[in-house]
Protein chains: 2
Amino acid sequence: MNIGDVARRSGLPAKTIRYYEDIGLVAPLRGANGYRSFRDSDLHKLAFLGRARSLGFSIEDCRGLLKLYEDDSRASADVKSIAQEHLRRIEDKIAELQAMHRTLSHLVSACAGDDRPDCPILSDLAESDRDARPAGKGRR
Amino acid sequence: MNIGDVARRSGLPAKTIRYYEDIGLVAPLRGANGYRSFRDSDLHKLAFLGRARSLGFSIEDCRGLLKLYEDDSRASADVKSIAQEHLRRIEDKIAELQAMHRTLSHLVSACAGDDRPDCPILSDLAESDRDARPAGKGRR
DNA sequence: ATAGGGATTCCATTAACTGGAAGGTCAAGG
DNA sequence: CCTTGACCTTCCAGTTAATGGAATCCCTAT
C-alpha cells in the first residue's frame, strides 16, 4: 500500500503519517522507487494511533500504548495506569476551563454590549486590587 | 522599575514580559544602561495581560482587548463580542474533553488493571470496524 | 512525449512561552 | 580597587503535534 491508500483507510493525513514515521511510531518498508510500502500491520498501527490521539493521548502516551499493544505479555495494569493518568489530566483541564467559563460568562452577561465604552469585562481585567488569578494554570 | 520588580508585581515571569515586548504588547522605556524601564502604565498593562491570559484569551485576543482598553471611545459591544467568541471556544473545548472523558472512563472502569494482558482499552483502540474519528478535533 | 496525479524530501510556521549560554551592570564589602 | 552576587541584556534552541509549501521525482495513460 502506498501512503495515499493508508491515509484514506486510516483517516490520517499523509503528512501526519510521514511525521509518525519520522518520530518512530511506524516503520513502513520502502519500494524500489523510494515509495513507502505499508503492510496491514502498519495500517493497523496507524488506525490505533488515530484513535488514541482522538481520545487526547499525547504522542508519548501513544508510543507507550503502542508498545503495550504489541507486547503479548503486557499487564493490563500498565495500560490502565496510562489511561488513568490521562483521565486525570482531562479532568484538570475541564475544571480549568469551567472556571474560566464561570468567570467569563458572568462578565459577559454583565456587559451591555452596546456602543458605550463602559465595560465590566475590561474593568475586571484592569482590577489592580487582586492578585493575578486564583487557580494557577498549573503548567505541567 | 526594572523587569524584576515588574515581574514580582505583575506575577508574570521576566521571560514572559520580554516576550510580550518582543511581540509588541508592551513598550517599556530603556535606561542609559540598556535596562528596560517600566512605567506604572506598563505594569498595569502587564497585569491586565496576565488576567486576560489566565481567562484563556489568546495573545491576539489580548492585543485586541488591550487596544479597546486604551481606547476611551470604544464600544462595549466590541469587547463583549471578543469575550463571547472566546466563551464559545471554551464551550467547544469542554464538550470535546467531556466526550473523551466519557469514552475513556468507561474503558478504564472496564479494565481489570492486573497483571494479565487482556485489556478493553487496547481492544477498543485496536477496533478496526469503526471509522477513525467520531467528532473531528476541528483543527482549523 | 506529455499530462495528471501521486510520491519524495526539506524547510518554515504555528502558540506561547521556557531554558540556557555568554556577557554587561550595579551595589556592597574587603 | 577588586571581587562577588544579584540583576540585567541578547540570542538561540526546544517544546507539541502537526501543517503548508516548494522543488523534484515517479508512474500511468493517452
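Every chain is numbered from 1, with letters handed out A, B, ... down the list of sequences. Computed from a prediction, not measured in an experiment: that's the story for all the values here.
Every residue meeting the side-chain contact (heavy atoms from CB on, under 4.5 Å) condition with B:Q84, not counting sequence neighbours, appears here in chain and number order: A:V108, B:K80, B:R88. Evaluation of the ring-ring contact (aromatic ring centres under 6.0 Å, His included) rule for A:H101 yields no partner, not counting sequence neighbours. Listed by chain and residue number, A:S76, B:D114, B:R116 satisfy the side-chain contact (heavy atoms from CB on, under 4.5 Å) test with B:A112 (two or more places apart in sequence, or in another chain). Checked against side-chain contact (heavy atoms from CB on, under 4.5 Å), B:D92 has no partners two or more places apart in sequence or in another chain. Residues forming a side-chain hydrogen bond (donor to acceptor under 3.5 Å, both in side chains) with B:T16 (at least two apart in sequence, or on another chain): none. Under the ring-ring contact (aromatic ring centres under 6.0 Å, His included) criterion, A:Y69 pairs with A:F48, sequence neighbours left out. Not counting sequence neighbours, B:R9 has no partner by the side-chain hydrogen bond (donor to acceptor under 3.5 Å, both in side chains) test.
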Practice problem: Could you encode protein contacts along nucleotides 8-13 of chain D as a string, one character per nucleotide from 5' to 3', using B for base contact, S for sugar-phosphate-only contact and - for no contact, with a heavy-atom cut-off of under 4.0 Å? | Solution: SBBB--
Practice problem: List the steps, then state whether side-chain contact (heavy atoms from CB on, under 4.5 Å) holds for B:F38 with B:L43. | Solution: CA-CA 7 Å; B:F38 295 83; B:L43 175 57; 5.8 Å; no
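Residue B:T16 has a polar side-chain atom (N or O) positioned under 4.0 Å from OP1 or OP2 of C:dT18.
Taking atom CG of B:L12 as the reference point, atom C1' of C:dC17 lies 11 Å away to the nearest angstrom. Residue A:R53 contributes atom CZ, which lies 9 Å from atom P of D:dT19 at whole-angstrom precision. B:E60 has its CD atom 11 Å from the C1' atom of C:dA16, to the nearest Å. Here C:dC10 presents its P atom at 16 Å from OH of A:Y19, a figure rounded to the nearest Å. When rounded to the nearest whole Å, the span between CD1 of A:I17 and C1' of D:dA18 equals 13 Å. Rounded to whole Å, atom P of C:dC17 lies 12 Å from atom CG of B:D22.
Between its two ends, the helix from C:dA1-D:dT30 to C:dG30-D:dC1 turns its axis by 40°, counting five pairs per end and rounding to 10 degrees.
At the heavy-atom level, A:Y20 lies under 4.0 Å from the strands shown only through sugar-phosphate atoms.
When all heavy atoms of B:R63 and B:I23 are compared, the closest pair comes out as NH1-O, 2.8 Å.
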